[in-house]
Amino acid sequence: MKKINEIEKIRHSLSHLLAIAVLEIFPNAKLGIGPIIENGFYYDFDLSAVAESEGGLTPDQLPKIEKRMRELVKMGLLFQKEIIDFAKAKKTFKNKPYKLELIKEINKNKQKITVYKTFAKYQIPNTKYQIQFTYLCAGPHIKSTKEINPAAFKLTKVAGAYWRGDEKNKMLTRIYGIAFNSEKELKEHIEMLEEVEKRDHRKLGKELDLFTFSDEVGAGLPLWLPKGETIRHELEKWARETEKKWGYQHIATPHITKSKLYEISGHLPYYKDDLYSPINIEGEEYYLKPMNCPHTHMIYNARLRSYRELPLRLAEYGQVYRFEKSGTLHGLMRVRGFCQNDAHIYVQPEKAVEEFINVIKMHEYYYKTLGIQNWRVVLGTRDRKNLRKKYHGNDAMWDMAEKLSKEALEKSSIKYEIEEGGAAHYGPKADIYIQSVIGKEYAIGTDQLDLYMPQRFNLSYIDKNGKETMPYIIHRAPLGSHERMIGFLIEHYAGAFPIWLSPIQVRIVPISEKFNKYGIEILEKLKQFDIRAELDDNNETLGKKIREGEKQKTPYLLILGGREEENKTVGVRQRGKGDMGEMKMVEFLEKIKNEINNKDLPKENNKKL
RNA sequence: GCCGGAGUAGCUCAGUCGGUAGAGCAGUGCUUUCGUAAAGCAAAGGUCGGGAGUUCAAUUCUCCCCUCCGGCUCCA
């Protein structure tokens, strides 16, 4: 069992004070649970018995509750542990339905029932009351609320949460709080959250004109603006080049398919809820594709395959559509229409491990180039204790798939964790999580070794001995989707992209309109060298133009005035670094071309906060 | 999908306890012609997210819908 440290005890105890404060306002509220979480705590309340006239719980009541909690802290409430038997517990919590449910479960599991009494040692001044509450709680707690720094915690939000995390259960009202040892730490944490907010890809996407959404087009369907499309294009170009070098071939498949394809794959009817409703044409149902695999399998099956072609690596930047629940949509990170960096590798069983290792190596290369230092792999396996109908295929197939996946991960000497029950319905999957410099983590792609779909699609190849054999399939998407990857990179770089990905690489800034002509000359030169440049010929002061250029996070501003025109030079100003002085145009071109070709990472914004 | 909050000019936001709205920035025009993060002036810009209802009158009140935000659940 994980050791509970002091601050966690404090956080946990604060959750109890939160419960006391809420019960004072709403005596009819029923308590759910109140555990600690990263940086803080929460408590769940069922407010359904609270009279309408009391108005329910709204976020604007948080300061009031927080104030009461501080008063409770200062009273020096004590926590006292007690172990009680089932009968007594049932009696104590007879009007507390959620606690009663937990007690029955604890009893069933033959565990000890512990309660904590929170009480004031003395009469509360100016009242005739003495506070005393008894909670069902595993603990541990601090001894007295005197240990809590009243200035180092804060209630942060009100949210709905299902009882025991199951959407079939009733929804309770959850209050979240954060708590630290000192006011300074609390302040730092809040500042960190503000920095996270500044880097939010939705905010930067608007400021930098990268993408937008439209009510008329629909939720979760991003529209890429010219600058965002440039990033997309550059990323894709690089991925395609890389794939070519690594022996991949590219294919293209339609966005729709007859339902027959998903009957074969087994996705219908199990995943129908996640598909856009079918289009009915001439009595035939067509679906928008939610994944590219079945289409690719059709390409594999287009003719007889020989072992000489294998591993056959078919890659596609494939657009897919999934009808994600409305409440789950989030900027570019969770959308309904997106373009996957997909590929399916058809491989001889004996070469599957080697091929899987190559795929992992490709991940390493990609993340290194993008400056993503922290990433991890989680291998989702079948939950052996809970083999419901969720999984296709037989035990032998699963054992083999899991064994080979583990073998490949171990041979790549990559750190990975195993998550039992995390498998796809047709096989184990290695999910890749990447972490940005500010610590936000996203699932970016999955690599899967699939022994099941070859059966369903009746895939085969003729082996060395002229015998028909079934290949294995590796599904892989190291860059995930354009949408999620670019959303991630916006936050990772805080909008200051490496120059090779920057929508505008150079902005030409004449110091007055007199030098616009020289600006055009420089612009033409840059365009000849395939550099994405623009001319700021606005009638504005130099200071204003520089401000604009910096705000747009353009890697280089070229300042042009009389000096430069006369010397045939450019005044170089580098993003985040300021004035670098005059340079000959050839010198600048060489410098920038190098940085682009080397895919240099930005140095100025790549710091952890 | 569920719980809660929100939607006013391109952006950020103010305002109307029911009498059809305002600022800053951006954009446009003019003046200025500038040396490394915000020059000045002027005009313009809105079915107050959409629909229905109540009312003499709705951006404001009620209901439904859409979208966004924070969570929960989900994520082949």
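Proteins get letters first, then strands, A, B, ... in listed order; numbering begins at 1 in each.
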Exercise: do A:T554 and A:Q552 side chains pair donor with acceptor under 3.5 Å: no
Sugar-phosphate only, base, or nothing, as touched by A:G266 at under 4.0 Å among non-hydrogen atoms: nothing
From B:A37, B:G71, B:G1, nucleotide with atom closest to A:Y176 side chain: B:G71
Whether A:H267 side chain and A:P290 backbone form a donor-acceptor pair below 3.5 Å: no
Side-chain donor/acceptor contact of A:E564 with base of B:G35 under 3.5 Å: yes
Euclidean distance for P, B:U54 against B:C17 (whole angstrom): 24 Å
Sugar-phosphate only, base, or nothing, as touched by A:G543 at under 4.0 Å among non-hydrogen atoms: sugar-phosphate
Residue that, paired with A:H482, satisfies ring-ring contact (aromatic ring centres under 6.0 Å, His included) out of A:F488, A:F338, A:Y317: A:Y317
Note: A:D536-A:R507 ion pair, threshold 4.0 Å (strictly below): yes
Phosphate-side-chain proximity, A:K157 and B:G71, N/O vs OP1/OP2 below 4.0 Å: yes
Proximal nucleotide (of B:A39, B:C75, B:U12) relative to the A:E540 side chain: B:A39
Sugar-phosphate only, base, or nothing, as touched by A:T328 at under 4.0 Å among non-hydrogen atoms: base
A:L225 CG - B:C11 C1' separation (whole Å): 14 Å
Any A:R563 side-chain N or O less than 4.0 Å from OP1/OP2 of B:G35: no
Same-atom distance (C1') from B:A9 to B:C25, integer angstrom: 12 Å
Spacing of A:D44 atom CG relative to B:U73 atom C1', expressed in whole Å: 13 Å
Nucleotide of B:U33, B:A37, B:C74 approaching A:R547 most closely (side-chain heavy atoms): B:A37
Sugar-phosphate only, base, or nothing, as touched by A:K545 at under 4.0 Å among non-hydrogen atoms: nothing
Lys/Arg-Asp/Glu bridge criterion (N-O < 4.0 Å) met for A:K568, A:E521: yes
A:L542 side chain, from C-beta outward: closest of B:G35, B:U31, B:G71: B:G35
Salt-bridge present (A:K517, A:E565; N to O < 4.0 Å): no
Side chain of A:T541 - closest among B:U33, B:A38, B:G35: B:A38
Integer angstrom distance from the C1' of B:G19 to that of B:U60: 11 Å
Which residue lies more 5' along RNA chain B, comparing A:G327 with A:G220 via nearest heavy atoms: A:G327
Nucleotide B:C11, atom P - distance to CG of A:D209 in whole Å: 11 Å
Nearest-Å distance once atom P is located in both B:A38 and B:A76: 50 Å
Whole-Å gap separating P (B:C74) and CG (A:L329): 16 Å
Atom-pair distance (CG on A:L223; P on B:U67), nearest Å: 14 Å
Per A:Y162 side chain, nearest of listed nucleotides B:C2, B:A38, B:U36: B:C2
Quiz item: cation-pi between A:R376 and A:Y433, 6.0 Å / 45°: yes
Distance between C1' atoms of B:U33 and B:U20 (Å, rounded): 45 Å
5′-ward residue of the pair A:A219/A:E513 relative to RNA chain B: A:E513
Atom-to-atom span, CG of A:D273 to C1' of B:C2 - whole angstrom: 16 Å
Mate of B:G22 where both pairing distances stay under 3.5 Å, Watson-Crick or G-U: B:C13
Sugar-phosphate, base or nothing in reach of A:A161, heavy atoms under 4.0 Å: sugar-phosphate
base_contact_polar (B:C74 base, A:R334 side chain, donor-acceptor, <3.5 Å): yes
B:A76 phosphate, OP1 or OP2, under 4.0 Å from A:K429 side-chain N/O: yes
B:A58 to B:A52 separation - C1' atoms, rounded to the nearest Å: 13 Å
Who pairs with B:U28 - Watson-Crick or G-U, where each distance is under 3.5 Å: B:A42
Separation between the P atoms of B:A42 and B:C48, rounded to whole Å: 28 Å
Euclidean distance for C1', B:C11 against B:A26 (whole angstrom): 7 Å
pi-stack flag for A:Y271 and B:A76, centroid dist under 5.5 Å, interplanar under 30°: yes
Sugar-phosphate, base or nothing in reach of A:R174, heavy atoms under 4.0 Å: sugar-phosphate
Geometric class of the A:H255/A:Y321 ring pair [parallel <30°, tilted 30-60°, perpendicular >60°]: tilted
Watson-Crick or G-U wobble mate for B:G7, both contacts under 3.5 Å: B:C66
Shortest side-chain distance from A:A424, nucleotide among B:G71, B:A76, B:U73: B:A76
Length of the line joining A:D215:CG and B:G51:C1', which is rounded to integer Å: 14 Å
Nearest-neighbour nucleotide for the A:I559 side chain, B:G35, B:C72, B:U33 considered: B:G35
A:K544 side-chain proximity, nearest of B:U33, B:A76, B:A38: B:A38
A:D166 (side chain) and B:C74 (base): donor-acceptor pair under 3.5 Å: no
Side-chain touch A:V335/A:E324, heavy atoms, less than 4.5 angstrom: no
Complement of B:A58, any strand, by Watson-Crick or G-U distances under 3.5 angstrom: none
Candidate nucleotides B:C11, B:A37, B:U31, ranked by approach to the side chain of A:I546 - the nearest: B:A37
Sugar-phosphate, base or nothing in reach of A:K206, heavy atoms under 4.0 Å: sugar-phosphate
Euclidean distance, atom NE2 of residue A:H425 to atom C1' of B:A76 [Å, nearest integer]: 4 Å
